[in-house]
Amino acid sequence: GESTGSKLAGGLVGQSTAGNITNSYATGDVSCTGSVLNIAGGLAGGFGGYSEKPASITNCYATGDVTGTKFAGGFIGCLFHMQAPGKTSLCVNMENCTSYSKNVSGTEAVGSFIGGVAVRATTSVTMSNCKSVEQNGINKIGGTYEGNNITKYEGPGKLGKQISIP
């Protein structure tokens with residue numbers, strides 16, 4: 001099926017904080033338009049965790065086309081950190097994840113695997129055997145928040161431009 005939204009949209013989940021997604025897939029097209037800050041991802045729109053409770057995605061894939069305005073990613077629209085008291089760092093682990101999305105489009109941070117990393121804190125993003133298969137010519141990760149320090153990044157491709165978050 002198809003997934004549409006005005007803020008966060010994903011083929012499997014719109015937003016997940018400090019959760020785990022395992023052995024899952026999404027095959028429908030995803031579209032998220034209409035608000036100033038909207039996020040679209042083939043598997044998940046927004047995804048994040050923190051050092052006290054890391055988030056993980058293992059053995060998952062997405063195949064649908066993705067359209068967003070601010071953030072669009074073939075697999076994840078945006079990795080984010082929820083600003084909770086005492087929670088100051090993002091911690092996400094991904095293993096054996098693939099984006100087969102053929103068309104990913106947006107206006108700000110567009111990536112064949114992850115649209116953007118919007119975190120104003122210490123960041124640990126670990127990717128092992130993660131890839132985007134169909135997209136050529138765009139960054140694997142579309143953009144990162146200005147001043148964001150990705151302390152651990154293992155995976156294909158390169159980071160895109162720095163982006164501003166309203």
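Just so we're clear, the structure is a prediction, and the values are computed from it rather than from any experiment. In this chain, numbering begins with 1 at the start of the sequence shown.
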Original post:
Which pair of heavy atoms, one from Ala109 and one from Gly115, lies closest together, and at what distance?
Top reply: CB-O, 3.2 Å
Subject >> For Phe47, the option from Ile39, Ile114, Val92, Val13 that meets side-chain contact (heavy atoms from CB on, under 4.5 Å) >> reply: Val92
Subject >> Ala62 to Gly74 - nearest heavy-atom pair and separation >> reply: CB-O, 3.7 Å
Subject >> Asp29 side-chain N/O to Asp65 backbone N/O, donor-acceptor pair under 3.5 Å >> reply: yes
Original post:
Can a donor-acceptor pair be found between the side chains of Ser112 and Ser132 at a distance below 3.5 Å?
Top reply: yes
**OP:** Grab the two heavy atoms, one from Gly64 and one from Ser101, that are nearest each other, plus how far apart they are.
**Re:** O-OG, 2.7 Å
Original post:
Between Ile21 and Leu12, is any pair of side-chain heavy atoms under 4.5 Å apart?
Top reply: yes
Subject >> Where Cys32 and Leu8 come nearest, the two heavy atoms and their spacing >> reply: SG-N, 3.8 Å
Original post:
What is the distance from atom CG of Asn129 to atom OG1 of Thr58, rounded to the nearest 0.5 Å?
Top reply: 11.5 Å
Original post:
To the nearest 0.5 Å, what is the distance between NZ (Lys70) and OG1 (Thr33)?
Top reply: 15.5 Å
**OP:** Might you point out which heavy atoms bring Cys97 and Ile57 nearest each other, and give the distance in Å?
**Re:** SG-O, 3.5 Å
Original post:
Minimum heavy-atom separation for Gly11 to Val30, with atom names?
Top reply: N-CG2, 3.4 Å
**OP:** Anything under 30° is parallel, anything over 60° is perpendicular, the rest tilted; go ahead and classify Phe113 against Phe75.
**Re:** parallel
**OP:** State, yes or no, whether a side-chain contact exists between Asn103 and Val66 at a heavy-atom distance under 4.5 Å.
**Re:** no
Subject >> Under 3.5 Å: donor-acceptor pair, side chain of Ser56, backbone of Met94 >> reply: no
Original post:
Looking at OH of Tyr25 and OG1 of Thr98, how far apart are the two atoms once the value is rounded to the nearest 0.5 Å?
Top reply: 15.0 Å
Original post:
Quick one: do the Thr69 and Asn38 side chains pair a donor with an acceptor below 3.5 Å?
Top reply: yes
